[in-house]
Asker: 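Have a look at this one before I ask anything.
Position 1 is the first residue of the sequence; numbering continues from there.
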Amino acid sequence: MKIIRDGKMCSLAEGGEQSLEKRLRRLEDEREIREILYHYTRCVDRGDIEGIGSCYTEDGCFYPSDRSRPIQGREAILAVFTRLMDPTVKTSAHFVTNQQIHFENEDEALVFAYFYANKSFDSQREDELTWGGYELRVCREADGQWRMKTHKCFFTRQDGSRTGRFGEQKDRPWPPIPEFTL
């Protein structure tokens with residue numbers, strides 16, 4: 001993850017020993033962490049509630065926006081996604097890009113990524129196009145798998161949506177703080 005220091009782009013320091021074994025493990029962890037968002041967006045697009053839930057730790061938090069209170073715990077998150085799934089969605093596709101990962105330690109990392117999503121509907125409703133981002137705190141659990149501990153969405157623009165959210169990328173903390181609220 002990059003930051004600006006004294007007017008120059010620099011890597012955000014990630015402490016620890018850099019043996020070849022640890023560097024290889026870090027690359028494997030990065031791949032596993034990227035897969036979380038790929039799995040999550042695929043499950044959202046398919047309406048797979050169980051798959052969505054599998055991305056979160058048992059005590060995970062989902063922040064739908066900077067102004068919303070956290071939805072705490074996998075069961076509560078599943079209940080929200082169950083309500084959010086629109087049965088009139090005909091097609092849904094998310095594209096995740098620009099993933100940046102910063103390891104806070106061997107078992108916890110911050111993730112920043114942009115997304116583009118589009119949906120079409122069976123009804124007369126116009127297509128919905130959304131641009132935005134994800135800020136995550138992920139952790140390696142006892143079973144060795146990486147999962148989302150904190151998941152925040154922000155929207156830069158929405159077309160065809162009933163929520164009308166936009167411009168939420170402004171004034172965000174960097175590096176990302178997924179627990180940040182206004």
Asker: Nearest 0.5 Å, please: how far is CG in D107 from SG in C139?
Answerer: 8.0 Å
Asker: Is a side-chain N or O of R157 found less than 3.5 angstrom from the main chain of W131, in a donor-acceptor match?
Answerer: no
Asker: So, using side-chain contact (heavy atoms from CB on, under 4.5 Å) as the criterion, who are the partners of S65 when residues are at least two apart?
Answerer: R67, S68, R165
Asker: State yes or no: do V138 and Y38 share one hydrophobic cluster built from I, L, V, M, F, W and Y residues joined by side-chain heavy-atom distances below 4.5 Å, directly or via other members?
Answerer: yes
Asker: For E21, check side-chain contact (heavy atoms from CB on, under 4.5 Å) against everything at least two apart and list the hits.
Answerer: S19
Asker: For the residue pair G53 and L78, what are the closest heavy atoms and their distance?
Answerer: CA-CD2, 3.4 Å
Asker: So, for R69 and P64, which heavy atoms are closest and what is the spacing to 0.1 Å?
Answerer: O-CD, 4.3 Å
Asker: Would you say that more than 12 heavy atoms from the other residues, nucleotides or ligands in this model lie under 6.0 Å from the CD1 of I4, or not?
Answerer: no
Asker: Is the shortest heavy-atom distance from the side chain of Y40 to the side chain of Y56 under 4.5 Å?
Answerer: yes
Asker: Are M148 and Y63 connected in the hydrophobic side-chain network, where two residues link if heavy atoms are under 4.5 Å apart?
Answerer: no
Asker: For K170 and G167, work out which heavy atoms get closest and say how close.
Answerer: CG-O, 3.4 Å
Asker: How does the hydrophobic cluster around F121 look, that is, which other residues are in it when side-chain heavy atoms under 4.5 Å mark a link?
Answerer: V89
Asker: From C55 SG over to R42 CZ, what is the distance, rounded to the nearest 0.5 angstrom?
Answerer: 8.5 Å
Asker: E106: what forms a salt bridge (Lys or Arg N to Asp or Glu O under 4.0 Å) with it, not counting sequence neighbours?
Answerer: K22
Asker: Under a single-linkage definition using a 4.5 Å side-chain heavy-atom cutoff for Ile, Leu, Val, Met, Phe, Trp and Tyr, are L37 and M1 assigned to the same hydrophobic cluster?
Answerer: no
Asker: Give every donor-acceptor pair under 3.5 Å between a side-chain atom in residues 172-182 and any protein atom, sequence neighbours left out.
Answerer:
residue, atom, partner, partner atom, Å
R172, NE, E135, OE2, 2.9
R172, NH1, D66, OD2, 2.6
R172, NH1, E168, O, 3.0
R172, NH2, D66, OD1, 3.0
R172, NH2, E135, OE1, 2.9
W174, NE1, K2, O, 2.7
E179, OE1, R137, NH2, 3.1
E179, OE2, R137, NE, 2.7
E179, OE2, T150, OG1, 3.0

Asker: Can you list every pair that meets side chain to side chain donor-acceptor pair (under 3.5 Å) and has a residue in residues 75-86, with sequence neighbours left out?
Answerer: D86-T88, D86-R125
Asker: For a 4.5 angstrom cut-off between non-hydrogen side-chain atoms, does T41 reach F115?
Answerer: no
Asker: Just to verify, what does K90 make a side-chain contact (heavy atoms from CB on, under 4.5 Å) with, not counting sequence neighbours?
Answerer: S120, D122
Asker: Out of curiosity, N118 CG to T91 OG1, how far, rounded to the nearest 0.5 Å?
Answerer: 6.0 Å
Asker: Nearest 0.5 Å, what's the CZ-CD distance between R147 and E58?
Answerer: 9.5 Å
Asker: Name all residues meeting the salt bridge (Lys or Arg N to Asp or Glu O under 4.0 Å) criterion together with D59; count only those two or more places apart in sequence or in a different chain, and write none if there are none.
Answerer: K149
Asker: Just to verify, what does D6 make a side-chain contact (heavy atoms from CB on, under 4.5 Å) with, not counting sequence neighbours?
Answerer: none
Asker: Please name all residues satisfying salt bridge (Lys or Arg N to Asp or Glu O under 4.0 Å) with E28, sequence neighbours left out, ordered by chain then number.
Answerer: R25
Asker: Linking I/L/V/M/F/W/Y whenever their side-chain heavy atoms sit closer than 4.5 Å, directly or via other members, would I77 and I49 fall into one cluster?
Answerer: yes
Asker: For P70 and C61, work out which heavy atoms get closest and say how close.
Answerer: CB-SG, 4.2 Å
Asker: In this structure, are over 12 heavy atoms from other groups packed under 6.0 Å from F166 atom CZ?
Answerer: no
Asker: Please list, chain by chain and in numerical order, all residues satisfying ring-ring contact (aromatic ring centres under 6.0 Å, His included) with F62, sequence neighbours excluded.
Answerer: F81, H151
Asker: Answer yes if Y134 and I36 sit in the same cluster of Ile, Leu, Val, Met, Phe, Trp and Tyr residues linked by side chain heavy atoms under 4.5 Å apart, and no otherwise.
Answerer: yes
Asker: Between side-chain atoms of residues 93-103 and protein atoms elsewhere (two or more places apart, or another chain), which donor-acceptor pairs fall under 3.5 Å?
Answerer:
residue, atom, partner, partner atom, Å
H94, ND1, D45, OD1, 2.6
H102, ND1, E14, OE2, 3.2

